Amino acid sequence: MSTLRTPASTPRTTDPDWWRNAVVYQVYPRSFADTDGDGLGDLAGVTSRMPYLSTLGVDAIWLSPFFPSPLADGGYDVADYRAVDPRLGTLDDIDAMIRSAHEHDIRVIVDVVPNHTSDEHAWFREALAAAPGSPARARYVFRDGSGPSGEQPPSDWVSNFGGSAWTRVPDGQWYLHLFAPEQPDLDWSNPEVRADFEETLRFWSDRGVDGFRVDVAHGLAKDLSTPYRPSNEHDLPLDGSDPLYDRDEVHAIFESWRTVLDEYDPPRAAVAEAWAPAPRRVLYARPTELGQAFNFDLLEAPFDASAFRTIITRNTAMAEQSGASSTWVLSNHDVVRHATRYGLPEGTDTDAWLMTDGTSPVLDRARGLRRARAATLLVLALPGSSYVYQGEELGLQEAAAIPHDALQDPKWIRTGHTVKGRDGCRVPIPWTTSGPSFGFGSVPPHLPQPADFGAWSVEAEDGDPSSTLSFYREAIAARRRLQQGEDLTWIEGGADVVAFARHDGWRSVTNLGTEAVPMPPGEVVVASGPVTAGELPGETTVWLV
Ligand code: GLC
């Protein structure tokens with residue numbers, strides 16, 4: 001009989017299924033709280049804000065990468081998977097952060113980035129110094145080029161950030177990178193790569209980490225046979241036949257991860273970032289694999305009742321089939337904040353809008369926030385886990401006018417300055433109404449904040465019953481009291497209304513239209529905005545019991 005491994009720290013309560021219906025708060029560590037005055041957030045900053053997270057009522061925090069990184073892609077270019085970026089702290093600091101989270105009964109999820117390393121990872125340096133065909137190169141995808149003297153890339157595959165997915169090294173070979181050139185792809189058919197990542201999972205699990213978010217989970221298995229076939233990430237086939245994404249072989253990797261995650265009691269949780277068609281996305285979430293996969297359907301949908309109903313129906317059915325629970329995401333570190341998306345005319349190309357510094361088309365901030373609060377309250381009533389991205393609980397809008405010379409996203413450079421990228425949702429959090437970085441730290445932050453950020457700070461909103469922060473606290477607390485099981489029953493409510501019952505009379509009713517509708521009977525326990533007697537205003541959600 002095998003013995004279970006014992007983590008260094010455990011949460012106060014022990015529920016092996018904690019992840020099934022959790023509220024998970026995403027921390028982007030470099031932009032959360034800066035305690036050492038270098039303009040970058042750090043782990044001690046996260047620890048210092050644990051009481052805030054506890055009052056917010058979240059069940060878990062997910063930390064975007066805090067590992068050593070040259071920051072070619074906001075830390076998703078990892079130079080050492082089993083260490084802490086010295087600018088963010090030390091291993092002692094992460095241990096202290098995990099302990100503090102657990103004392104507050106908050107679970108900790110860390111990001112693992114298996115598709116690619118940083119070009120400053122020891123393996124890649126070794127690969128560059130080694131000869132073509134060497135074992136050091138075989139951890140990555142090095143190939144000879146095409147054309148008479150190999151001066152053309154091996155294939156026409158393009159990187160997610162623009163430009164070719166191949167970069168040439170001085171001896172003439174090319175290496176594959178689905179993202180920036182500073183993010184060389186690993187070759188997951190190499191057993192050494194697989195063994196090393198399993199060690200990484202154990203390394204963090206032993207320290208007390210409760211779960212993992214798996215970056216680009218759908219990218220690890222690739223068909224690199226020649227002639228190379230075209231890939232289309234944006235319209236993946238349903239039979240797993242794309243050469244680069246969502247291939248069937250990827251599942252064997254996660255099955256073997258599951259045996260590692262199950263070496264712990266309770267088993268470590270995991271959630272796949274797998275941009276695969278919905279019916280195939282749930283495969284990553286099978287109990288024999290990661291357990292959950294992000295559902296980005298709402299994040300990509302308009303504020304529209306029929307779209308919401310279709311997405312909820314599909315995802316709850318798929319969750320039931322796969323034995324997973326659903327996940328719900330409205331914002332994260334990769335997309336324009338939902339309070340902003342919902343305040344722009346439907347169909348706005350947000351990349352183009354950002355290029356106008358957020359001036360055209362005109363953003364209706366009040367409407368965006370009203371709709372964002374309504375959507376958030378709806379999502380919090382759904383069965384499954386809700387992922388909340390730092391700052392959305394303050395009602396933050398996208399920072400659309402970051403000066404060009406301050407932009408950090410590799411998309412900005414790789415697209416020849418035609419796409420600004422994702423920095424606008426990664427601007428540091430305002431904690432106070434004034435100060436050099438509104439309480440984020442003692443010096444100007446690594447990404448400049450909008451001048452009006454103080455009005456959206458924790459200090460400004462704390463204690464104001466109408467603030468978005470008070471609303472999130474109230475909604476999450478009510479969810480904690482009400483949430484049970486994973487059943488949902490639709491209620492007929494009209495074309496613009498999304499209404500469903502959970503259990504014991506708990507109902508969520510959202511009016512996605514602009515005209516008020518009659519308020520259904522019952523006691524209102526939480527409302528996303530002001531409600532008048534007898535009426536449910538437009539763009540508003542209420543929970544009734
Ligand atoms: C994921 C991350 C994103 C990153 C990319 C490459 O999509 O969420 O931020 O740029 O992977 O690692």
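Side chains included, hydrogens not; waters and symmetry mates left out as well; all remaining heavy atoms used. Read the numbers this way: they start at 1 and go in the same order the structure lists the ligands and their atoms. Remember, it's a predicted structure, so these values are computed and weren't measured experimentally.
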### Charged tip of R49 within 45° of W431 ring normal and under 6.0 Å
yes
### Query
Picking from D242, D239, D248, what satisfies salt bridge (Lys or Arg N to Asp or Glu O under 4.0 Å) with R280?
D248
### Message
Looking at F161, I'd like to know if the NZ or CZ of R414 sits under 6.0 Å from its six-membered ring centre while staying within 45 degrees of the ring's axis.
### Response
no
Quick check for students: name every N or O atom pair between ligand 1 and the protein closer than 3.5 Å, with distances.
unit_1   : atom_1 : unit_2 : atom_2 : d
ligand 1 : 7 (O)  : E273   : OE1    : 3.3
ligand 1 : 7 (O)  : E273   : OE2    : 2.7
ligand 1 : 8 (O)  : R213   : NH2    : 3.0
ligand 1 : 8 (O)  : H333   : NE2    : 2.9
ligand 1 : 8 (O)  : D334   : OD2    : 2.5
ligand 1 : 9 (O)  : H333   : NE2    : 2.9
ligand 1 : 9 (O)  : D334   : OD1    : 2.7
ligand 1 : 9 (O)  : R422   : NH1    : 3.3
ligand 1 : 10 (O) : D73    : OD1    : 3.2
ligand 1 : 10 (O) : D73    : OD2    : 2.6
ligand 1 : 10 (O) : R422   : NH1    : 2.9
ligand 1 : 11 (O) : D215   : OD1    : 2.9
ligand 1 : 11 (O) : D215   : OD2    : 3.1
ligand 1 : 12 (O) : H116   : NE2    : 2.9
ligand 1 : 12 (O) : D215   : OD2    : 2.8

### Message
By the salt bridge (charged side-chain N to carboxylate O under 4.0 Å, His left out) test, which pairs, at least two apart or in different chains, include something from residues 285-299?
### Response
R281-D297, R286-E289, D297-R314
### Query
Taking only residues two or more places apart in sequence, or in another chain, which ones meet Y472 in a ring-ring contact (aromatic ring centres under 6.0 Å, His included)?
none
### Query
Which pairs with one or both residues in residues 112-124 pass salt bridge (charged side-chain N to carboxylate O under 4.0 Å, His left out), sequence neighbours excluded?
E120-R125
